[in-house]
Amino acid sequence: MEVIWTEKAEKTYTKNYEYLVENWSLEIAKKFDEEVLKTIDIISKNPHLGRYNRDFDFNSILVVKQITLFYTVAGNKILLLLFHDNRQKQVKYLF
């Protein structure tokens with residue numbers, strides 16, 4: 001399946017990556033990047049693997065303990081919506 005990054009997904013990914021570089025290390029940020037790529041590969045092969053939320057009509061999957069990826073499936077495309085820091089606001093306030 002084709003994977004499409006929304007603008008919000010790009011911004012939230014970058015924000016999380018930069019936070020890791022600034023507050024932890026480049027090595028930790030690279031591990032996060034590897035986990036993101038691995039997760040995207042997994043959902044591209046099995047798009048309904050993540051937990052489905054009927055209220056908001058999207059799926060979510062844990063990338064690392066602190067970050068959840070929200071995405072939706074539209075036909076043969078997967079739209080990455082955002083990378084959410086699980087320590088932040090509840091999901092219902094993001095959409």
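On a predicted model such as this, the values are computed, not experimentally measured, just so you know.
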J.: Nearest 0.5 Å, please: how far is CZ in Arg51 from OG in Ser60?
T.: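 Atom-to-atom, Ser60:OG and Arg51:CZ are 6.0 Å apart.
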
J.: Using the salt bridge (charged side-chain N to carboxylate O under 4.0 Å, His left out) criterion, which residues pair with Arg87? Sequence neighbours excluded.
T.: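 Counting only residues at least two positions away or on another chain, Arg87 forms a salt bridge (charged side-chain N to carboxylate O under 4.0 Å, His left out) with Asp85.
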
J.: Flag yes if Ile4 and Met1 sit in one hydrophobic cluster, no otherwise; membership is Ile, Leu, Val, Met, Phe, Trp, Tyr, and two members link when side-chain heavy atoms are under 4.5 Å apart.
T.: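 No, because Ile4 and Met1 fall into different hydrophobic clusters, even though each may have its own neighbours under 4.5 Å.
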
J.: Find the distance between CG (Asn46) and CD1 (Ile61) and round it off to the nearest 0.5 Å.
T.: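 That separation rounds to 8.5 Å.
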
J.: Donor-acceptor pairs under 3.5 angstrom involving side-chain atoms of residues 27-38: please list them, not counting sequence neighbours.
T.:
residue	atom	partner	partner atom	Å
Asp33	OD1	Tyr13	OH	2.5
Glu35	OE2	Lys38	NZ	3.2

J.: Might you point out which heavy atoms bring Ser44 and Asp41 nearest each other, and give the distance in Å?
T.: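 Between these two residues, the closest heavy atoms are OG-O, 2.7 Å.
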
J.: In sequence, state the C-alpha distance, the side-chain angles, and the governing distance for Tyr17 and Leu26, and then conclude on side-chain contact (heavy atoms from CB on, under 4.5 Å).
T.: CA-CA 9 Å; Tyr17 186 88; Leu26 182 58; 3.7 Å; yes

J.: Answer yes or no: is there a side-chain heavy-atom contact under 4.5 Å between Leu49 and Ile42?
T.: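 Yes, close enough: below the 4.5 Å cut-off.
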
J.: Could you tabulate the donor-acceptor pairs under 3.5 Å formed by side-chain atoms of residues 62-78, not counting sequence neighbours?
T.:
residue	atom	partner	partner atom	Å
Thr68	OG1	Asn86	OD1	2.8
Thr68	OG1	Asn86	ND2	3.2
Tyr71	OH	Pro47	O	2.8
Tyr71	OH	Gly50	N	3.1

J.: Say you draw a straight line from CG of Leu81 to CG of Asn59; how long is it, rounded to the nearest 0.5 Å?
T.: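 Output value for this atom pair is 9.0 Å.
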
J.: Output all residues satisfying side-chain contact (heavy atoms from CB on, under 4.5 Å) with Glu10, sequence neighbours left out; order by chain, then residue number.
T.: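 Glu10: side-chain contact (heavy atoms from CB on, under 4.5 Å) contacts with Trp5.
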
J.: For the side chain of Thr12 and the backbone of His84, is there at least one donor-acceptor N/O pair under 3.5 Å apart?
T.: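 Not confirmed, Thr12 side chain does not pair with His84 backbone.
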
J.: Go through the structure and list residues passing side-chain contact (heavy atoms from CB on, under 4.5 Å) with Asp57, not counting sequence neighbours.
T.: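 Asp57: side-chain contact (heavy atoms from CB on, under 4.5 Å) contacts with Tyr52.
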
J.: Please identify each residue that fulfils salt bridge (charged side-chain N to carboxylate O under 4.0 Å, His left out) with Lys11, with sequence neighbours left out.
T.: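 Counting only residues at least two positions away or on another chain, Lys11 forms a salt bridge (charged side-chain N to carboxylate O under 4.0 Å, His left out) with Glu7.
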
J.: Any side-chain heavy atom of Phe58 sitting closer than 4.5 Å to one from Leu82?
T.: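 With C-beta onward as the side chain, the pair stays apart.
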
